[in-house]
Amino acid sequence: MNVTIEIHYEAASKLMQRASFPTRGRKPEQVALDFWKEIKKELSYRVELEQVFAGGEDITELVKRLERHELHNVFNDNLPF
């Protein structure tokens, strides 16, 4: 099954990117977060997530919550330093 993800964000100006991805058993918010990470990696400046749609449904808060959760896990790992 495929899901169409549309991400609105602000960098130097307001931008939008849309793409269709296979879900491969993942939830749409995880697919969207992976897409958002790729966008951020491609840009060399600060970007801010504004809205995320999956199949026309607004999943912005789900994606932001998932991103915060992942960051929280990174900082709470038992790092050796």
Side-chain angles (χ1 to χ4, degrees):
M1 181 175 139
N2 283 346
V3 62
T4 299
I5 304 293
E6 181 177 305
I7 295 184
H8 297 254
Y9 59 97
E10 187 170 344
S13 62
K14 292 185 183 268
L15 301 164
M16 184 271 292
Q17 289 191 32
R18 179 185 310 135
S20 184
F21 300 94
T23 56
R24 295 187 186 130
R26 298 176 297 165
K27 293 182 178 182
E29 57 267 24
Q30 183 61 54
V31 176
L33 180 59
D34 292 343
F35 184 30
W36 174 236
K37 288 177 182 178
E38 286 299 314
I39 292 171
K40 290 192 315 185
K41 191 185 307 183
E42 291 173 6
L43 301 173
S44 61
Y45 40 83
R46 180 175 150 71
V47 293
E48 183 178 334
L49 184 64
E50 291 188 341
Q51 285 188 303
V52 182
F53 296 95
E57 181 182 341
D58 188 345
I59 61 166
T60 306
E61 288 306 314
L62 293 172
V63 173
K64 286 181 175 182
R65 189 178 313 137
L66 189 57
E67 185 176 35
R68 281 191 305 268
H69 180 73
E70 284 190 2
L71 284 172
H72 181 347
N73 285 344
V74 167
F75 289 117
N76 287 331
D77 275 347
N78 293 325
L79 299 174
F81 51 87

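Just the heavy atoms: all of them, side chains too, but no hydrogens, waters or symmetry mates, feed the values below.
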Is F35 isolated, or which residues cluster with it under the ILVMFWY side-chain rule of less than 4.5 Å, directly or via members?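 F35 shares its hydrophobic cluster with V3, I5, I7, Y9, L15, F21, V31, L33, W36, I39, L43, Y45, V47, L49, V52, I59, L62, V63, L66.
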What's the separation between atom [atom1] in [X] and atom [atom2] in [Y], rounded to the nearest 0.5 Å?
X: R26; Y: M1; atom1: CZ; atom2: CE; value: 12.0 Å
X: E50; Y: H8; atom1: CD; atom2: NE2; value: 9.0 Å
X: R24; Y: Q30; atom1: CZ; atom2: CD; value: 13.0 Å
X: R65; Y: H69; atom1: CZ; atom2: NE2; value: 11.5 Å
X: K37; Y: E67; atom1: NZ; atom2: CD; value: 8.0 Å
X: E29; Y: E57; atom1: CD; atom2: CD; value: 9.0 Å

Counterpart residues, side-chain hydrogen bond (donor to acceptor under 3.5 Å, both in side chains), relative to K64 (two or more places apart):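 Residues passing side-chain hydrogen bond (donor to acceptor under 3.5 Å, both in side chains) with K64: none at all.
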Considering only heavy atoms from C-beta outward, does the side chain of E38 approach that of D34 to under 4.5 Å?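 No; the side chains remain at least 4.5 Å from each other.
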Tell me every residue that passes salt bridge (Lys or Arg N to Asp or Glu O under 4.0 Å) with D58, counting only those two or more places apart in sequence or in another chain. none
